[in-house]
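Please read the structure below before turning to the comments.
Side-chain atoms are counted along with the backbone in the values below, which use heavy atoms only and exclude waters and symmetry mates. Atoms within a ligand are numbered from 1 in the order they appear, just like the ligands themselves.
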Amino acid sequence: MSVSQTPSIRTLDKSGKEITTVGFQRFGFDCEVPLDTLRSLYLRPHYVTVAANAEEDEAKQLEQHAHFTRGSELYQSKSIFHADTHSISYTTLSRFPPVKLLPPTQRKRILVTGGAGFVGSHLVDRLMVLGHEVTVLDNFFTGSKTTVSHWVGHPNFELVRHDVVEPFMIECDQIYHLACPASPPHYQFNAVKTIKTSFMGTLNMLGLAKRTKARFLISSTSEVYGDPEVHPQHEDYWGHVNPIGPRACYDEGKRVAETLAYGFHRQDGVDIRVARIFNTYGPRMNPFDGRVVSNFIVQALRGEDMTVYGDGKQTRSFQYIHDLIDGLIALMNSDETRPVNVGNSDEFTIGDFATLVREIVEKVQKEDGELPTRRVEIVYKPMPTDDPQKRRPDTTRAKEVLQWQPRWTVRMGLEEMVRYYKAKIVEGSM
Ligand code: NAD
Ligand code: UDP
């Protein structure tokens, strides 16, 4: 199997400064970690090589492996592909990535529901590297064990298959409640289940927070604003949601989840945090989840037409995953109990965004010496029902109370995500 080496990526922030770490010290909670440490966990989740044969001996493979994993080979499993039987042998890690050694007074027991999903797995990586004890609850509906498998067996980590619509007992200090499908095709696949997850799941996790006195953060969404009549969307805007449309199971589900959180807060003193997350993208997003960023990149990489829904004039604002994780951790550890928008205010029409993704995919392909046979076309498909026309966060509150604002440009985030999907294609896992 031929493997291309990832060129080292130099990432510049919005002001042109190089990003070498993510996170920061806020509210007595230090969440800063080197970017390379995190990258070694997602840019090369594992390495696939072909079984040794007469032509390629083991020593050569080891040399190739070391080169490919660029110094983090100890923390990578090496899976072996047997071409003759078309089978794969998975190996385990030889060593876990180093985690901080925290004194017991600083080490928190943190529950992450939906921790095997896209956002959850990045949060888990950060909390683990920081030295906390992390338990993931997930039913693997849209998440996958592979997103956190590099931590399985670590003494600070536990992975539990559990559906949050059922109660769960554990002792913990903080709960990040993320469990809920987030992409429109996934949450509409079983609308009743989505509502149950939002309502009963949140009820159960709030009950757990009440009993344990754990601080509780819910990942709400910009969808609570529906198809907004106010632009950009500020936290005080009440929203414009169709309660019976195909998106209602998610939008109304999250609205009632917020209502529940404030009910527990006022009635029982549960210490809540509400993050209203705007469109977020990054590595580990399920390539086939139907969301626009994954769709466009996968289509462009495969040389397929890129599908813009409607006339492409609707807008979205895209935030990179590391900025979101910084915002979630800052909010959890702050004193802010009002809802806080966490998003990037760089707004694109979906038509312009398609052109940008195509340009970035072409740039990365050129850097890797690949010459596509044709330029992919942008084609137009019918607009889904109730698709919001405009979306951009007003992040004044996050700036004021969390001293947080996005650092990643959309272009930098997209480049990294294109490389992640390219690596997946090379590995044969996509
Ligand atoms: P995801 O689908 O990748 O992850 C959701 C995770 O929750 C998956 O691992 C899934 O298996 C798990 N899950 C779903 N139902 C469950 C249940 N009943 N019990 C236990 N586990 C369950 O989605 P994501 O993008 O990582 O989103 C995570 C959270 O952030 C969601 O609550 C979502 O509403 C919110 N959010 C995400 C975005 C975004 O752009 N990614 C935007 C706004 C809000
Ligand atoms: N979209 C698109 N092509 C796709 C997928 C999505 O044009 O292949 C559009 C979709 O209609 C919406 C926007 O992109 O206007 C964002 O869609 P997504 O599903 O990512 O998230 P949403 O913000 O709608 O929940």
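- Of all atoms in ligand 1, numbered sequentially from 1 with element shown, those under 4.0 Å from a heavy atom of G143 are 8 (C), 9 (O), 10 (C), 11 (O).
- For E367 and K363, the salt-bridge test passes: some basic side-chain N is under 4.0 Å from an acidic carboxylate O.
- Within the 4.0 Å heavy-atom shell around ligand 1 one finds S220.
- With hydrogens left out, the protein atom closest to atom 40 (O) of ligand 1 is T280 N, 2.9 Å, a heavy atom.
- Without hydrogens or angle criteria, R273 side chain to R338 main chain gives no donor-acceptor distance under 3.5 Å.
- Every atom of ligand 1 with a heavy atom of K254 under 4.0 Å away is listed here by number and element: 31 (C), 32 (O), 33 (C), 34 (O).
- Residue-ligand proximity, R291 to ligand 1, at heavy-atom distances under 4.0 Å covers atoms 23 (O), 25 (O), 39 (C), 40 (O), 41 (N).
- For H186, the heavy-atom gap to ligand 1 stays at 4.0 angstrom or more.
- Between F140, Y250, F118, it is Y250 that holds the heavy atom closest to atom 33 (C) of ligand 1.
- Heavy-atom separations between M285 and ligand 1 are all 4.0 Å or longer.
- Not a single heavy atom of T113 sits less than 4.0 Å from an atom of ligand 1.
- Close contacts between ligand 1 and N279 involve ligand atoms 40 (O) [criterion: under 4.0 Å to a heavy atom].
- For H234, the side-chain contact (heavy atoms from CB on, under 4.5 Å) test picks out D236, D394, R397, with sequence neighbours left out.
- Ligand 1 has H162 within reach: a non-hydrogen atom of the residue lies less than 4.0 Å from it.
- Inclusion of A179 in the set of residues having an N or O under 3.5 Å from an N or O of ligand 1 is not warranted.
- The ligand atoms of ligand 1 that sit less than 4.0 angstrom from a heavy atom of G114 are 6 (C), 7 (O), 9 (O), 12 (C).
- Here atom 16 (C) of ligand 1 lies nearest to N139 when heavy atoms of V112, I218, N139 are compared.
- Contact annotation: G201 has no heavy atom less than 4.0 Å from any atom of ligand 1.
- Below 3.5 Å of separation, one finds an N or O of V119 facing an N or O of ligand 1.
- Considering both main-chain and side-chain atoms, T142 comes within under 3.5 Å of ligand 1 through a nitrogen or oxygen pair.
- In terms of polar-atom proximity, defined here as any N/O pair under 3.5 Å, T197 does make such a contact with ligand 1.
- When the heavy-atom distances from atom 28 (C) of ligand 1 to T147, D163, L178 are ranked, the shortest goes to L178.
- Closer than 4.0 angstrom to ligand 2 lie heavy atoms from P184, E223, R247, N279, G290, R291, V292, N295, F296, T307, V308, Y309, Q314, R316, I350, P384, D387, R391.
- Remark: among candidates S222, A257, A275, C180, the nearest residue to atom 14 (C) of ligand 1 is C180, based on non-hydrogen atoms.
- Applying the side-chain hydrogen bond (donor to acceptor under 3.5 Å, both in side chains) rule to pairs touching residues 401-411 yields E359-R411, sequence neighbours excluded.
- Close contacts of ligand 1 with T221, meaning ligand atoms under 4.0 Å from a residue heavy atom, involve 43 (C), 44 (C).
- Ligand-side atoms of ligand 1 in range of A116: 9 (O), range being under 4.0 angstrom from any heavy atom.
- Ligand 1 places these atoms under 4.0 Å from at least one heavy atom of A182: 2 (O), 23 (O), 24 (P), 25 (O), 27 (O), 33 (C).
- For ligand 1, the polar-atom distance check against F141 finds a nitrogen or oxygen pair separated by under 3.5 Å.
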Which atom pairs, donor and acceptor, lie under 3.5 Å between side-chain atoms of residues 380-390 and protein residues at least two apart or in another chain?
{"from": "D386", "atom 1": "OD2", "to": "N242", "atom 2": "ND2", "distance (Å)": "2.9"}
{"from": "D387", "atom 1": "OD1", "to": "R316", "atom 2": "NH2", "distance (Å)": "3.0"}

